[in-house]
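Quick notes on the structure that follows.
Counting from 1, the numbers follow the sequence of the chain as shown. Computed from heavy atoms alone, side chains included, the values below leave out hydrogens, waters and symmetry copies.
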Amino acid sequence: MQGLEMPTASMVTLAIVQALLMLALAPLATGFSRVIRAKMHSRRGPGVLQDYRDIFKLLRRQEISPINSGTIFTVTPYILIVTMLLVGMALPAVTNESPFPIAGDIITDIYLFAIFRFFFSLSGLDSGSMFAGIGASRELTLGVLVEPILMLSIVIMALIAGTTDLGFISKHMATETWSAPMATLMAGAACAFAVFIEMGKLPFDSAEAEQELQEGPVTEYAGAGLALMKIGLGLKQLVVAQLFLALFIPFGKAADFTLPHVLMGFVVLFIKLFIVFLIAGLVENSVARTRFLKTHHLTWSGFGVAVLGFAFYLTGL
């Protein structure tokens, strides 16, 4: 396993800028998805900047909490944003190395994703709302189904690269000849499937009835709290998409930390994110909604692909 190095001042600066850009672009990503949905439904729909207007409007409103809610309900929006920003800082999204390698280990990032889901679900239970509690239980069930797929696909890439550091894995995939092409392809397909679910897309979430599935825990939030929850959920979509791009499509990134190369890396990143969200939007609005009780039939297929990728790795394919 490769050892972690202390980040330089330029690396830390890039990590902070990268995370803040993700935070600023989170409403744009969710707004873009809403525009695709409206166009495919043959209706005008909201503009791509509508989510910014909604968030600014909510931030000016009074935050009201349920009478039975506690501290968990209050601090959860901040925990969601902070955990995703930490992962966002560590992702080798613009350069071939992680700009914040202290948090760039896949084990650390898996735990950060787990903290996000744990507090997101716990906030629904802490609200005292029966409806939010049902949404929280469904979110935890979905996590049990999808997290093994995501973890196994990432572990396969760590085994191929010989390290658990995201930066070294991304650099290995960008500069080295694929030593196990079939294992990489299967892991990539499984990871893409898991990322699609983590982004909260149909058939695993219903955009026209958000409170029924993934966003059930958000039911009791209002005002600034609801705005922060929306930012956190949108930020997660960007982070998981960039995680997939960093591991499986690590091309077009800056070779060093010079300003021209970094700026070009950001341009390439935005293009790749545009394509990812476009494909996700097209797929989401081309499939029918499925019953939640049938979700495990779909996720088992994704897990089977991940297991197949692991089998290919063991056989050297």
Side-chain angles (χ1 to χ4, degrees), residues 22 25-26 28-37 39-41 84 87-88 91 93 106 109-110 113-114 116-117 120 138-157 184-210 212-216 232-250 269 271-309:
M22 292 186 196
L25 292 176
L28 181 63
T30 54
F32 179 63
S33 299
R34 294 175 66 178
V35 169
I36 294 177
R37 183 182 308 119
K39 296 302 182 184
M40 294 188 67
H41 291 177
M84 288 301 100
V87 180
L91 288 176
I106 62 171
D109 293 334
I110 287 173
F113 281 120
F116 182 101
R117 173 166 273 116
F120 181 52
R138 291 187 173 189
E139 171 66 11
L140 289 174
T141 301
L142 192 62
V144 171
L145 295 174
V146 69
E147 286 180 356
I149 305 174
L150 183 63
M151 288 189 291
L152 182 55
S153 60
I154 295 176
V155 166
I156 292 172
M157 302 310 299
T184 302
L185 289 174
M186 292 296 101
C191 186
F193 179 74
V195 165
F196 182 81
I197 300 175
E198 292 285 9
M199 292 173 71
K201 302 297 184 180
L202 280 170
F204 305 98
D205 189 24
S206 177
E208 305 302 334
E210 294 177 329
E212 292 188 25
L213 293 178
Q214 186 187 36
E215 296 192 9
L233 292 171
L235 185 59
K236 182 183 180 182
Q237 293 190 33
L238 275 177
V239 169
V240 294
Q242 290 185 62
L243 175 64
F244 171 78
L245 292 173
L247 292 179
F248 297 98
I249 312 180
L269 174 63
I271 294 174
K272 291 193 290 188
L273 284 174
F274 173 82
I275 295 174
V276 167
F277 276 87
L278 178 62
I279 294 174
L282 294 175
V283 173
E284 176 189 19
N285 294 283
S286 301
V287 297
R289 181 183 177 187
T290 186
R291 293 179 60 194
F292 188 79
L293 294 177
K294 301 293 184 182
T295 303
H296 66 281
H297 294 300
L298 298 174
T299 54
W300 269 114
S301 301
F303 186 70
V305 173
V307 171
L308 185 61

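To the nearest 0.5 angstrom, F116 atom CZ is 8.0 Å from L235 atom CG. Rounded to the nearest 0.5 Å, atoms CD (E139) and OG1 (T141) are 9.0 Å apart. A distance of 10.5 Å separates CG in L91 from CG in L238, rounded to the nearest 0.5 Å. Considering CZ of F120 and NZ of K236, their distance stands at 8.0 Å, rounded to 0.5 Å. With rounding to the nearest 0.5 Å, the separation of CE in M199 from CD1 in I197 is 12.0 Å.
The two atoms that bring M186 and G309 nearest to each other are CB-CA, 3.4 Å, heavy atoms only. Of all non-hydrogen atoms in A306 and I149, the two that sit nearest each other are CB-O, 4.4 Å. The minimum heavy-atom distance linking S153 with A187 is given by the pair CB-O, 3.4 Å.
When atom types are taken as modelled, the side chain of K272 and the backbone of I249 share a donor-acceptor pair closer than 3.5 angstrom.
Between M22 and Q242 there is a side-chain heavy-atom pair separated by less than 4.5 Å. Annotation: side chain of L243 is in contact with side chain of F113 (closest heavy-atom distance under 4.5 Å). Between F277 and I36, the closest side-chain pair of non-hydrogen atoms is not below 4.5 Å. Proximity of E147 to R117: side-chain heavy atoms (C-beta onward) are separated by under 4.5 Å at one or more points. For the pair L185 and F248, the minimum side-chain heavy-atom distance is 4.5 Å or more. Contact check for T30 versus R34: no side-chain heavy atoms found under the 4.5 Å cut-off. Side-chain contact between V146 and F193 is absent, with no heavy-atom pair separated by less than 4.5 Å.
Residues satisfying the side-chain contact (heavy atoms from CB on, under 4.5 Å) criterion with V307, sequence neighbours excluded, are L152, F303.
Tested against F244 for a side chain to side chain contact (heavy atoms under 4.5 Å, CB included), the candidates L150, V195, I154 yield a single pass: V195.
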